[in-house]
Amino acid sequence: MLIRSPSDILPSEITPRAVYLNRREIMAGAAGLALGAGLPGAASAAPLQAAKSAFSTDEKVTSREDVTTYNNYYEYGVDKSSPAKTAHTLKTVPWTVKVDGLVGKPAEYALDDLIKGSALEERIYRMRCVEGWSMVIPWVGFPLADLIKKVEPQGSAKYVAFETAYRPKEMPGLQSAFPVLDWPYVEGLRLDEAMNPLAILAVGLYGETLPNQNGAPIRLVVPWKYGFKGIKSISRISFVEKEPPTSWNRQAADEYGFYANVNPQVDHPRWTQATERRIGEGGLFVKRRPTLMFNGYGDQVAQLYAGMDLKKFY
Ligand SMILES: Nc1nc2c(c(=O)[nH]1)N[C@H]1C(S)=C(S)[C@@H](COP(=O)(O)O)O[C@H]1N2
Ligand SMILES: [Mo]
């Protein structure tokens, strides 16, 4: 078992209750912090207080250097090294997220208001990209379910759709005459997937606010699915009745499905999904690791797909 269940965790391993603190409290509490540094939404990295989560893997984490310089964020170019160089142009302060659709409390929410009331946790998750590499990332975030409950979806809402900010002036990838994707980047989850406790909205990594290249100020993390489901810099969350479009599925429907569950038995048409290269495990003779069903999170999520043919719903 790679993931420990809450009952396996010694009380002493759980740090004292750590709750989300509002901007003023964090600034007051974090001695030595440069003035103006703050929270998700601050322009530069700032410490975040977070409780350790029982959902964390105890595998070796990928270096901060790799996590922040080997990125997919096509709004900032298709090279892995490019977002770290160019994503600083995204203005993440102030930031709002529009919540709309089949929901009781639609509004344009300030980022702080979306997070308020949720305890920030550090979740060390295995992450698997459809391209065949993986990382172990210490995210800081809060359950997506918290946000969903807060905005009160209507009974008819069956899916949650997400949209990345559309800012051509701040996103060089959007200025191209031959766009790689149909912007803005969009993703979606079935409502029950979105409510699963493993699904989080991340606002930080490595104990600090998210770097822009990783999706500041707020991005989705669904560790049992391929990385492309983890939509970055979210500006809109909509509750809908029908399965929403997703960027990669639009781009190549036979290669990228809506579900995008990590499934080593379903190859990408152009390469295998049976194994993966863990970033940071360098060297010529390092063996690829076998990829695990649901990225190893089957105990938590397999029941979501009971009775579904996961070769058809890839
Ligand atoms: N808006 C947006 N979100 C995105 C992407 C993107 O190109 N644009 N790339 C996805 C892909 S393919 C991956 S693997 C992850 C990478 O996240 P990371 O760079 O934080 O590891 O972001 C996902 N989210
Ligand atoms: Mo990816």
Side-chain angles (χ1 to χ4, degrees), residues 45 61-87 89-90 92 95 97 123-141 161-168 170-174 176 179-189 199-206 208-237 245-252 255-257 260-262 268 270-271 273 276-280 291 295:
V61 296
T62 303
S63 75
R64 182 201 188 95
E65 172 74 10
D66 282 337
V67 173
T68 58
T69 61
Y70 191 90
N71 301 104
N72 272 338
Y73 196 167
Y74 277 21
E75 287 87 336
Y76 294 98
V78 298
D79 293 337
K80 301 277 179 286
S81 59
S82 156
K85 293 175 203 145
T86 60
T89 53
L90 182 67
T92 59
W95 193 268
V97 178
R123 298 276 187 105
I124 305 173
Y125 280 163
R126 274 185 303 283
M127 304 300 296
R128 171 66 156 78
C129 176
V130 75
E131 293 168 286
W133 47 269
S134 64
M135 296 192 192
V136 177
I137 304 184
W139 299 108
V140 177
F162 302 86
E163 206 173 286
T164 293
Y166 180 78
R167 306 254 188 98
E170 298 169 30
M171 294 174 161
L174 273 54
S176 163
V180 208
L181 293 170
D182 194 3
W183 312 109
Y185 196 98
V186 290
E187 257 305 338
L189 293 172
I200 58 168
L201 288 166
V203 294
L205 59 79
Y206 267 98
E208 293 184 346
T209 49
L210 274 182
N212 280 10
Q213 60 268 35
N214 293 94
I218 186 166
R219 59 87 57 84
L220 182 64
V221 176
V222 271
W224 70 95
K225 293 176 182 279
Y226 290 120
F228 65 84
K229 297 298 281 186
I231 181 170
K232 294 177 168 177
S233 308
I234 296 167
S235 66
R236 185 178 175 195
I237 301 178
T246 68
S247 285
W248 282 101
N249 181 255
R250 264 183 187 158
Q251 206 265 351
E255 300 185 17
Y256 312 103
N261 287 319
V262 174
H268 183 280
R270 293 182 279 134
W271 56 78
Q273 294 293 6
E276 65 198 46
R277 178 172 70 94
R278 180 65 52 86
I279 298 297
T291 288
N295 205 24

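As the structure lists them, so they are numbered: ligands from 1, and atoms in each ligand from 1. What you see is a predicted model; the values in this text were computed from it and never measured.
- With distances taken over non-hydrogen atoms, the option nearest atom 2 (C) of ligand 1 out of Y256, Y76, Y185 is Y185.
- Nearest non-hydrogen protein atom to atom 15 (C) of ligand 1 is G227 O, 3.5 Å.
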In sequence, state the C-alpha distance, the side-chain angles, and the governing distance for T246 and Y256, and then conclude on side chain to side chain contact (heavy atoms under 4.5 Å, CB included). CA-CA 9 Å; T246 68; Y256 312 103; over 6 Å; no

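- The line from OG1 of T164 to CH2 of W183 is 8.5 Å long, rounded to the nearest 0.5 Å.
- A donor-acceptor pair shorter than 3.5 Å can be found between the side chains of T291 and R128.
- Between W248 and ligand 1, a contact under 3.5 Å exists for no N or O pair.
- Of all the heavy atoms of E75, the ones lying under 4.0 Å from any atom of ligand 1 belong exclusively to the side chain.
- Looking at W133 next to ligand 1, no N or O pair under 3.5 Å apart turns up.
- The protein non-hydrogen atom at the shortest distance from atom 9 (N) of ligand 1 is N72 O, 3.2 Å.
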Is there a ring-ring contact (aromatic ring centres under 6.0 Å, His included) between Y185 and Y74 once you walk through the steps? CA-CA 9 Å; Y185 196 98; Y74 277 21; 8.3 Å; no

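- Under a 4.0 Å heavy-atom criterion, G230 is in contact with ligand 1.
- For the pairing with H268, the side chain to side chain donor-acceptor pair (under 3.5 Å) check across E255, Q273, E131 returns one residue only, E255.
- Checking K80 against N72 by side-chain atom types alone, a donor-acceptor pair falls below 3.5 Å.
- For ligand 1, the atoms closer than 4.0 angstrom to any heavy atom of C129 are 14 (S).
- For the residue pair S134 and E276, a side-chain donor N or O sits within less than 3.5 Å of a side-chain acceptor on the partner.
- Nearest to atom 7 (O) of ligand 1 by heavy atom, out of F228, W183, Y166, Y74, is Y74.
- Nearest non-hydrogen protein atom to atom 22 (O) of ligand 1 is K232 CE, 3.4 Å.
- Residue R219 places at least one N or O, backbone or side chain, under 3.5 Å from an N or O of ligand 1.
- Using bins of under 30°, 30° to 60° and over 60° for the plane-to-plane angle, the ring pair Y76/Y73 lands in the perpendicular bin.
- Shown in contact with T164 at under 4.0 Å from a heavy atom are these atoms of ligand 1, numbered in order with element: 1 (N).
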